[in-house]
Asker: 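Before I ask anything, let me first share the structure, which is written out below as structure tokens.
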There are 2 protein chains.
Amino acid sequence: MPRRQFNALDYSDPMLVRILDAGEQCIRRFGIRRTSMGEIARVGKLSRGSIYRYFGTKEALVEGIIRRQQQDFLNRTEAKLEQESSLADKVTLAILVGRKDMQEGMFGSLAEIEPETLAMMFLDPRFYRRSLSFWPQHIRMAQAAGEIDAELDVDLVADMVVRLAASLVMVPRMGVQLKTRKALRQYLQQMLKLGPA
Amino acid sequence: MPRRQFNALDYSDPMLVRILDAGEQCIRRFGIRRTSMGEIARVGKLSRGSIYRYFGTKEALVEGIIRRQQQDFLNRTEAKLEQESSLADKVTLAILVGRKDMQEGMFGSLAEIEPETLAMMFLDPRFYRRSLSFWPQHIRMAQAAGEIDAELDVDLVADMVVRLAASLVMVPRMGVQLKTRKALRQYLQQMLKLGPA
DNA sequence: TATTGAACAATAATCATTTTTTGTACATTT
DNA sequence: AAATGTACAAAAAATGATTATTGTTCAATA
């Protein structure tokens, strides 16, 4: 079975990659608001006109950068998931990878520089939709393994997993401490097996 | 069984209520940023000094207003819950009440005037913690009725319910359409009964 | 004794102005 | 063909002077 890829843009185009790399670097350093197309052009050593050929607006470019970030996250997670067996283990792993990215990656910088922007993203349905297609396959595997009820609507479970995982990444501790892998694993194991014993 | 109250401040103090009412009215109209202590004093027909006697800072006052809003939400929900039997029905109701508040109430105004502020609240653990103590009682009832596994950790389930409900209030539609009571009810019914048939 | 209102320095918001950036067009270069 | 660089009007952001707000204190008032 070939490893799935979560792509949308043609990342083999070196010009496109240069734009995205430069843009990402700028966002890391200055945040989205304080990053200008001219600055991105300077950092990427290309012309402003070229950027506008690939992305019609700054908004579209930012969207492209976030998109790639999320796709990269999904691809790295997917690669690691091969070692995990149960759905609870998979979701645990995805949350841990997400939290690490949120500390060290672009979103982490954004959280420090422009927390309101990050908070707004978190309320944006598009942000969630990009992750939705990741889960159905794994949910079906869990159903085939008898891990969860085979009658359950796969898309509903995927929706719940995305909501829960996003919440656990963005708000790691509220009432219960869900910091360690073990605590998370236990939490998800219980949540994904709710119902009569 | 007496109906529970979710209180913290002494709402029998008319001065306190006048401050909170005036503050809430200002936030509804202008948002948090554009509301000043002087304006609240004017609207509430009291002195700025009095406000500072009750709330040391503007931040504390805003916290008090939000607190009362959430407590009011919980009290109204609690009252309505008496008609609902299953946990899925109760959570459905809470989400529907929450969504209505989010459209018509103070948070709705805030969503229009200062969306970033509302988004930041949604990432604040305190916002969640205020709702956490609401659920354990109902979860135990569901366990007693054999609706969910009696072995499950009550606090963990409460945590999940709060995360899921908050997400469904703030992001009503992502992949699946969860707009109607019926769709929500079915979603939650399946989610709260995850596990082998 | 609680509330008021005035004074105050430090901080933050506002506003008009200047500067930068955006998005588009097009002639030039590679 | 694709990328560059310049020009341009409209929109947005940085700037700095000005005004308002915050949080504290305290004497006056109810």
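Below, read A as the first sequence line, B as the second, and so on, with proteins coming before strands; counting in each chain starts at 1.
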Asker: Which residues pass the salt bridge (Lys or Arg N to Asp or Glu O under 4.0 Å) test with Asp153(B), sequence neighbours left out?
Answerer: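 Per chain and number, Asp153(B) pairs via salt bridge (Lys or Arg N to Asp or Glu O under 4.0 Å) with no residue.
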Asker: Between the two end axes of the helix from dT1(C)-dA30(D) to dT30(C)-dA1(D), each built from 5 base pairs, what angle do you get to the nearest 10°?
Answerer: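 Its terminal axes enclose an angle near 50°.
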Asker: Can you measure Ile32(B) atom CD1 to dA12(C) atom C1' for me and round it to whole angstrom units?
Answerer: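 It is 17 Å, rounded to the nearest whole Å.
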Asker: Just how far, in rounded Å, is C1' of dT20(C) from CZ of Phe30(A)?
Answerer: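 The answer, rounded to whole Å, is 15 Å.
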Asker: Could you tell me which residues satisfy side-chain hydrogen bond (donor to acceptor under 3.5 Å, both in side chains) with Thr117(B), sequence neighbours excluded, listed by chain and number?
Answerer: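 Thr117(B) satisfies side-chain hydrogen bond (donor to acceptor under 3.5 Å, both in side chains) with Glu114(B) once adjacent residues are dropped.
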Asker: Can you give each donor-acceptor pair under 3.5 Å made by side-chain atoms of residues 26-43 of chain A, sequence neighbours left out, with the distance rounded to 0.1 Å?
Answerer:
residue, atom, partner, partner atom, Å
Arg28(A), NH1, Glu24(A), OE2, 2.7
Arg33(A), NH1, Glu116(A), OE1, 3.3
Thr35(A), OG1, Cys26(A), O, 3.3
Thr35(A), OG1, Gly31(A), O, 2.6
Ser36(A), OG, Glu39(A), N, 3.1
Glu39(A), OE1, Arg42(A), NH2, 2.4

Asker: Under 4.0 Å, counting only non-hydrogen atoms across every strand here, what does Tyr54(B) touch: a base, just sugar-phosphate, or nothing?
Answerer: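 Result for Tyr54(B) = sugar-phosphate.
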Asker: Take atom CG of Leu46(B) and atom C1' of dT3(C), then tell me their distance rounded to the nearest Å.
Answerer: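 Rounding to the nearest Å, CG of Leu46(B) and C1' of dT3(C) are 9 Å apart.
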Asker: Who pairs with Pro115(A) by side-chain contact (heavy atoms from CB on, under 4.5 Å), at least two apart in sequence or on another chain?
Answerer: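 Residues passing side-chain contact (heavy atoms from CB on, under 4.5 Å) with Pro115(A): Met120(B).
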Asker: Just the atom pairs and distances: protein N or O near nucleotides 23-30 of chain C's N or O, under 3.5 Å.
Answerer:
residue, atom, partner, partner atom, Å
dG23(C), OP2, Tyr52(A), OH, 3.1
dG23(C), OP2, Lys58(A), N, 2.9
dG23(C), N7, Arg48(A), NH1, 3.3
dG23(C), O6, Arg48(A), NH2, 2.9

Asker: Can you tabulate the close N/O pairs, meaning under 3.5 Å, that link protein atoms to atoms of nucleotides 11-19 of chain D?
Answerer:
none

Asker: To the nearest Å, give me how far apart CD1 (Ile51(A)) and P (dT22(C)) are.
Answerer: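 Interatomic distance, CD1 of Ile51(A) to P of dT22(C): 9 Å.
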Asker: Pairs under 3.5 angstrom only: tabulate donor-acceptor contacts from the side chains of residues 106-113 of chain B to other protein residues two or more places apart or in another chain.
Answerer:
residue, atom, partner, partner atom, Å
Ser109(B), OG, Gly105(B), O, 3.4

Asker: With sequence neighbours excluded, give me every side-chain hydrogen bond (donor to acceptor under 3.5 Å, both in side chains) pair touching residues 92-105 of chain A.
Answerer: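 Passing the test, one end in residues 92-105 of chain A: Arg76(A)-Asp101(A).
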Asker: Any idea which of dT21(D), dT4(D), dT21(C) is nearest the Ser36(A) side chain?
Answerer: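 Closest of the options to the side chain of Ser36(A): dT21(C).
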Asker: Between dA3(D) and Ser47(A), is there an OP1 or OP2 to side-chain N/O distance shorter than 4.0 Å?
Answerer: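 No, outside the criterion.
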Asker: Rounded to whole angstrom units, what separation is found between the NZ atom of Lys45(A) and the C1' atom of dG5(D)?
Answerer: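 Distance, rounded to whole Å: 18 Å.
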Asker: Test of understanding: with side-chain contact (heavy atoms from CB on, under 4.5 Å), list the residues that count as partners of Asp13(B), not counting sequence neighbours.
Answerer: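 Residues passing side-chain contact (heavy atoms from CB on, under 4.5 Å) with Asp13(B): Asp10(B), Met15(B), Leu16(B), Tyr54(B).
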Asker: Could Arg130(A) and Glu63(A) be called an ion pair, given the rule that one side-chain N must be under 4.0 Å from one carboxylate O?
Answerer: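 Yes, charged N to carboxylate O under 4.0 Å.
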Asker: Holding to side-chain contact (heavy atoms from CB on, under 4.5 Å), I want the full list of residues that pass it with Thr57(A), two or more places apart in sequence or in another chain.
Answerer: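 Testing Thr57(A) for side-chain contact (heavy atoms from CB on, under 4.5 Å), a comparison that skips the adjacent residues, returns Glu59(A), Ala60(A).
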Asker: Would Lys193(A) and Asp149(B) count as a side chain to side chain contact (heavy atoms under 4.5 Å, CB included) here? Give the steps.
Answerer: CA-CA 9 Å; Lys193(A) 284 204 177 173; Asp149(B) 189 341; over 6 Å; no
Asker: Rounded to whole Å, please give me the gap between CZ in Phe55(B) and P in dT22(D).
Answerer: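 So the CZ-P distance, Phe55(B) to dT22(D), works out to 15 Å.
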Asker: Provide the full list of side-chain hydrogen bond (donor to acceptor under 3.5 Å, both in side chains) pairs with a residue in residues 175-188 of chain B, sequence neighbours left out, each pair given once.
Answerer: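 Pairs touching residues 175-188 of chain B that pass the test: Asp159(A)-Tyr187(B), Asp89(B)-Arg185(B).
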Asker: Could you tell me how far apart Leu61(A) (CG) and dT21(C) (P) are, to the nearest whole angstrom?
Answerer: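 That distance rounds to 15 Å.
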Asker: Output the rounded distance in Å from CG (Asp10(B)) to C1' (dA2(C)).
Answerer: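 Taking CG of Asp10(B) and C1' of dA2(C), I get 15 Å after rounding.
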